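Predicted model only: the values in this text are computed from it and were never measured. Below, each value reflects all heavy atoms present in this structure, side chains not excepted, and no hydrogens, waters or symmetry copies.
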Amino acid sequence: MPFEADLAQALDRTTDSLEPDLTTLLSGAVERGRSRRRRRSAAVIAGVGACAAIATAGLVIPGALTATHSAGSGMEMVALALPRSAITGTQMIKTLEKTFPGGRFSQATGQSNNPSDPSGGYVANGELVVDDGHGAAAVGVSALRLKLPLRDGGGLSCEQTPARAAGDTCTLRELPSSAALPGGAWVMSEQNAAKEAAPADAARRWTVTVTVKSTGAQLQMVQWNSTGGGTGAEVPKATRAAPPLSEQQAVAALTGATWAPVLGAVG
């Protein structure tokens, strides 16, 4: 269909970027990590299209689409479910700020979901630049809900075609069932360079995705060791060696008390 082709082309043009200003993106959009390509098999719908939320280099998601959406060519179509209740962009920003107590923040942007009007977006997100005293870093979190049942590892897989660039990594593990995570959750952790064949000091992004098995609620945190992604000459220089939060800290934050209201509102 022409709309799907236009959308795929538009999203392909953004596969290596994380723009600080989400107002320039598609209505309801949140594009996320190119490394998520072809990795979802949860609630797959026939055809070419997108994973449920995360598809390119940063946070950018075509959340304005209805029950499925596309994040570029060569990707799976995945069904989304409406979140249980509304989450505002302001709520996402404030929660993100609470994740980094004592940090200095700038370039904060947020996007609300709208359960009463699917055309308004299935995805909520917040994004900002945080300086915790170790260098400025772009960080964003998006929240959405996958349609149940999840299949093949909760709809997550580290498989990718073409193969990951040298130095890029991906791991998938499970979290046990708990009051915060009924039925347990899948955690996918990735590290990717801002561009292929990146030097050792290049900007990189770290992505942690938590998906609750019983509800399909999903939170994804994307962190850079720079002020954001880019393409070509626009790829920023690294401002620090590591992201603000380690993988363990990011998982603890997304599954802890700070993000519990958002996780509950999603699923």
Side-chain angles (χ1 to χ4, degrees), residues 14-18 30-42 50-61 71-72 74-76 78 99 127 130 132 134-135 137-142 146 150 152-176 184-213 218-231 235-255:
T14 64
T15 43
D16 289 311
S17 66
L18 172 58
V30 173
E31 177 189 36
R32 317 200 292 187
R34 167 176 46 147
S35 55
R36 294 289 301 271
R37 290 180 181 232
R38 299 182 183 86
R39 79 186 188 190
R40 289 194 192 285
S41 51
C51 110
I54 303 148
T56 60
L59 282 181
V60 194
I61 291 183
M75 300 182 64
E76 299 166 348
V78 176
T99 307
E127 178 187 347
V130 58
D132 57 2
H134 300 284
V139 181
V141 173
S142 58
L146 298 181
L150 301 178
D152 296 340
L156 298 173
S157 171
C158 284
E159 295 180 3
Q160 178 177 310
T161 304
R164 296 176 184 274
D168 289 0
T169 62
C170 178
T171 61
L172 180 67
R173 63 187 176 93
E174 292 184 70
L175 294 179
W186 293 100
V187 174
M188 174 171 281
S189 302
E190 300 166 276
Q191 177 183 314
N192 302 85
K195 60 180 181 179
E196 302 301 325
D201 62 347
R204 289 184 174 273
R205 70 177 184 274
W206 286 259
T207 306
V208 172
T209 308
V210 176
T211 306
V212 182
K213 295 179 182 180
Q218 184 182 90
L219 297 179
Q220 182 182 75
M221 177 181 289
V222 176
Q223 303 180 87
W224 289 84
N225 64 336
S226 69
T227 55
T231 58
V235 175
K237 299 297 183 180
T239 55
R240 53 195 294 156
L245 299 181
S246 67
E247 190 265 357
Q248 184 178 5
Q249 290 172 327
V251 172
L254 294 177
T255 59

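Thr169 pairs by the side chain to side chain donor-acceptor pair (under 3.5 Å) definition with nothing, not counting sequence neighbours. With sequence neighbours left out, the side chain to side chain donor-acceptor pair (under 3.5 Å) criterion links Thr99 to Trp259. With sequence neighbours excluded, the residues that form a side chain to side chain donor-acceptor pair (under 3.5 Å) with Gln191 are Trp206. For Ser189, the side chain to side chain donor-acceptor pair (under 3.5 Å) test picks out Glu247, with sequence neighbours left out.
Gln223 approaches Leu245 most closely through the heavy-atom pair OE1-N, 2.9 Å. Of all non-hydrogen atoms in Val251 and Thr255, the two that sit nearest each other are O-OG1, 2.7 Å. Across all their heavy atoms, Val208 and Leu254 have their closest contact at O-CD1, 3.9 Å. The two residues Pro244 and Ala137 make their nearest non-hydrogen contact at CG-CB, 3.7 Å.
With a 4.5 Å cut-off on side-chain heavy atoms, Gln218 and Leu150 do not count as touching. Taking 4.5 Å as the limit, every side-chain heavy atom of Val210 sits out of range of all side-chain heavy atoms of Met221. Met188 is listed as a side-chain neighbour of Cys158, based on a closest heavy-atom distance under 4.5 Å.
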Apply side chain to side chain contact (heavy atoms under 4.5 Å, CB included) to Glu190 and Asp168, showing your working. CA-CA 7 Å; Glu190 300 166 276; Asp168 289 0; over 6 Å; no

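Annotation: the span from Ser226 atom OG to Arg204 atom CZ amounts to 11.5 Å, rounded to 0.5 Å.
Judged by distance alone, the side chain of Thr239 and the main-chain N or O of Asn225 form a donor-acceptor pair under 3.5 Å.
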